[in-house]
Amino acid sequence: MLLQLQERLKRLHRREDVSAAEWGDWRWQLRHRLETLEELEQFVELTDEERRGIAIAPGLFRIGITPYYAALMDRQHPKCPIRMQVIPTAAEEKVSPGEYVDPLGEDALSPDGVPCIVHRYPDRVLFLALDRCAIYCRHCNRRRMVGQETGMISRHEIERGLEYIRRTPAVRDVLISGGDPLTLSTDKLEWIVSEVRKIAHVEIVRIGTRVPVCLPMRVDDQLTSMLKKYHPLYINTHFNHPKELTDDARVACERLADAGIPLGNQCVLLRGVNSQPRTIEVLNRGLLKMRVKPYYLFQGDPVQGTDHLRTPVSAGLEILEHLRGRITGMGIPHLVIDAPGGGGKIPLLPNYLLSWGTDRLTLRNYLHQPVTYVEPQERDCSCAYDEVYFASP
Ligand SMILES: *Cc1c(COP(=O)(O)O)cnc(C)c1O
Ligand code: SF4
């Protein structure tokens, strides 16, 4: 696999001889990202739509593709799921009804003077540790703030974020996101994670990252031996298509899992990329083999210029309907719409409840066979021992 990827890369950088050591060096990968029409042209047969997309991208959202991820692209087929996630098209120019710059109303949820914190739910916060990523995904819901020329969340801002968590005892769960936190240097990431860990009321730390998907060589021994000092630590990644489940990605996930880090996947439904039930079934089976638990399946957020990538809500429901009964419950994610404007995540489920009477329910199973459940005679759900167990000391 690696040799094959390397061969492709050599063809891309014709004048350069790429050694295995360079290819496997995550900083080399970041330095050699494909960003321009000239670079992309050497690699794929671009359509007019893509050419136009690349031309308008500077005013809309940055282009950046690691050589590793670029090597997964299909040279000829413009509907290649890798290509569709990272090469812009003319459709990004169009703003459709219901689309926003900040679809989840995140900016309004930052405490005063602490822009790198988004505090929506009482017990947990999003901590935006940087505004850079390894690749720039065309469906990104934070495209307003990632990959900008200016930007760069400063050390001072991160300190204010830490200070906010220290003085907010209700926060039990800190989700370090961005941008992509695993593109920080190990030292800087360790500073942030260790400072968060020192806060007594923080119970769990989570990191959101696309690195296992687009820069798997970043998951090196230095990183995993640093991270495993800060348990309980969870990582959620973002695989969208089985084509991304390479040997390199598997090795990256296994290293993280071997460091004791439970892994989840947050997949975004993308029309024409993964909008078929079979695609998600194969993706989720593959993820479980790589020790990654499918966690969320997101309906696309209404970000300006992403209409062409969003699915109708029915597509997600059909996928869940298909998965139930065909794949272990461990491989079935929560399908959610993150409320536009900022109301939080709302779960969606196909309807399994046909009727609910006073003493019995009629349900249906995955084969659409009706099933009756008779309720128990007694229904008082209080737990008498709770008074003892939860009594204050
Ligand atoms: C998604 C999200 C979280 C985390 O939600 P979980 O359901 O706990 O994974 C936290 N804060 C914000 C603002 C979010 O959007
Ligand atoms: S890695 Fe995440 S934050 Fe970065 S561009 Fe992709 S979706 Fe956006």
Side-chain angles (χ1 to χ4, degrees), residues 60-61 92 94-131 133 136-148 151 153 157-158 160-165 167-181 196 202 204-210 234 236-238 240 264-271 295-307 309-313 315-317 333-349:
L60 294 170
F61 184 46
E92 288 189 26
K94 189 176 131 216
V95 176
S96 294
E99 288 185 341
Y100 302 80
V101 173
D102 176 12
L104 310 180
E106 291 184 325
D107 295 343
L109 293 167
S110 293
D112 282 344
V114 198
C116 66
I117 294 278
V118 181
H119 196 172
R120 189 201 320 275
Y121 301 105
D123 68 321
R124 51 207 194 274
V125 292
L126 268 183
F127 192 164
L128 308 176
L130 83 166
D131 44 21
C133 301
Y136 291 98
C137 314
R138 305 327 294 174
H139 56 277
C140 181
N141 65 5
R142 290 206 190 105
R143 51 156 67 201
R144 71 186 184 283
M145 57 156 288
V146 301
Q148 304 293 339
I153 294 170
E157 280 181 321
I158 293 175
R160 294 178 80 148
L162 291 166
E163 193 42 53
Y164 177 79
I165 301 167
R167 68 167 191 263
T168 314
V171 175
R172 298 163 181 270
D173 173 358
V174 176
L175 217 165
I176 302 171
S177 180
D180 197 319
V196 171
V202 173
I204 62 171
V205 179
R206 292 192 273 171
I207 295 176
T209 176
R210 240 198 140 179
Y234 292 75
N236 280 325
T237 184
H238 177 176
N240 284 334
N265 190 58
Q266 309 202 143
C267 175
V268 179
L269 282 168
L270 297 170
R271 199 165 63 84
Y295 176 39
Y296 278 135
L297 181 62
F298 284 106
Q299 173 68 22
D301 293 325
V303 193
Q304 283 190 356
T306 60
D307 189 291
L309 290 173
R310 285 189 286 133
T311 53
V313 173
L317 286 167
H334 304 285
L335 172 65
V336 291
I337 298 188
D338 217 335
K345 295 178 182 71
I346 300 169
L348 291 171
L349 209 60

Any donor-acceptor N or O pair under 3.5 Å, side chains Asn265, Thr237: no

Pair Ser96-Arg310, side-chain donor/acceptor within less than 3.5 Å: no

Atom of [X], atom of [Y] and distance for their closest heavy-atom approach:
| X | Y | value |
| --- | --- | --- |
| Gly208 | Asp180 | O-OD1, 4.3 Å |
| Ile346 | Ala339 | CD1-CB, 3.9 Å |
| Ser177 | Leu126 | CB-CD2, 4.1 Å |
| Pro103 | Asn141 | CD-O, 3.8 Å |
| Pro115 | Ser110 | O-OG, 3.5 Å |
| Ile117 | Pro111 | O-CD, 3.5 Å |

Taking the side chain as every heavy atom from C-beta outward, state whether [X] and [Y] have any pair of such atoms under 4.5 Å apart.
| X | Y | result |
| --- | --- | --- |
| Leu309 | Arg271 | no |
| Tyr234 | Leu175 | no |
| Val268 | His238 | yes |
| Cys137 | Arg210 | yes |

Distance, nearest 0.5 Å, that separates CD of Glu163 from CD1 of Ile158: 14.5 Å

Between CG on residue Leu104 and CZ on residue Arg120, distance to nearest 0.5 Å: 5.5 Å

Looking at [Y], is its backbone amide N or carbonyl O close enough to the side chain of [X] to form a donor-acceptor pair, meaning the two atoms are under 3.5 Å apart?
| X | Y | value |
| --- | --- | --- |
| Glu106 | Val118 | no |
| Gln148 | Arg143 | yes |
| Gln266 | Tyr295 | no |
| Arg142 | Gly178 | yes |
| His119 | Tyr121 | yes |
| Gln299 | Thr311 | yes |

Ring pair (Phe, Tyr, Trp, His ring centres under 6.0 Å) involving Phe127 - partner list, sequence neighbours excluded: none

Lys345 and His334: CA distance, side-chain angles, deciding distance, side chain to side chain contact (heavy atoms under 4.5 Å, CB included) verdict: CA-CA 10 Å; Lys345 295 178 182 71; His334 304 285; over 6 Å; no

Full working for side chain to side chain contact (heavy atoms under 4.5 Å, CB included) between Leu335 and Leu269: CA-CA 10 Å; Leu335 172 65; Leu269 282 168; 4.0 Å; yes

Derivation of the side chain to side chain contact (heavy atoms under 4.5 Å, CB included) call for Val196 and Leu162: CA-CA 7 Å; Val196 171; Leu162 291 166; 3.6 Å; yes

By side chain to side chain contact (heavy atoms under 4.5 Å, CB included) - contacts of Val101 (at least two apart): Arg144, Gln304

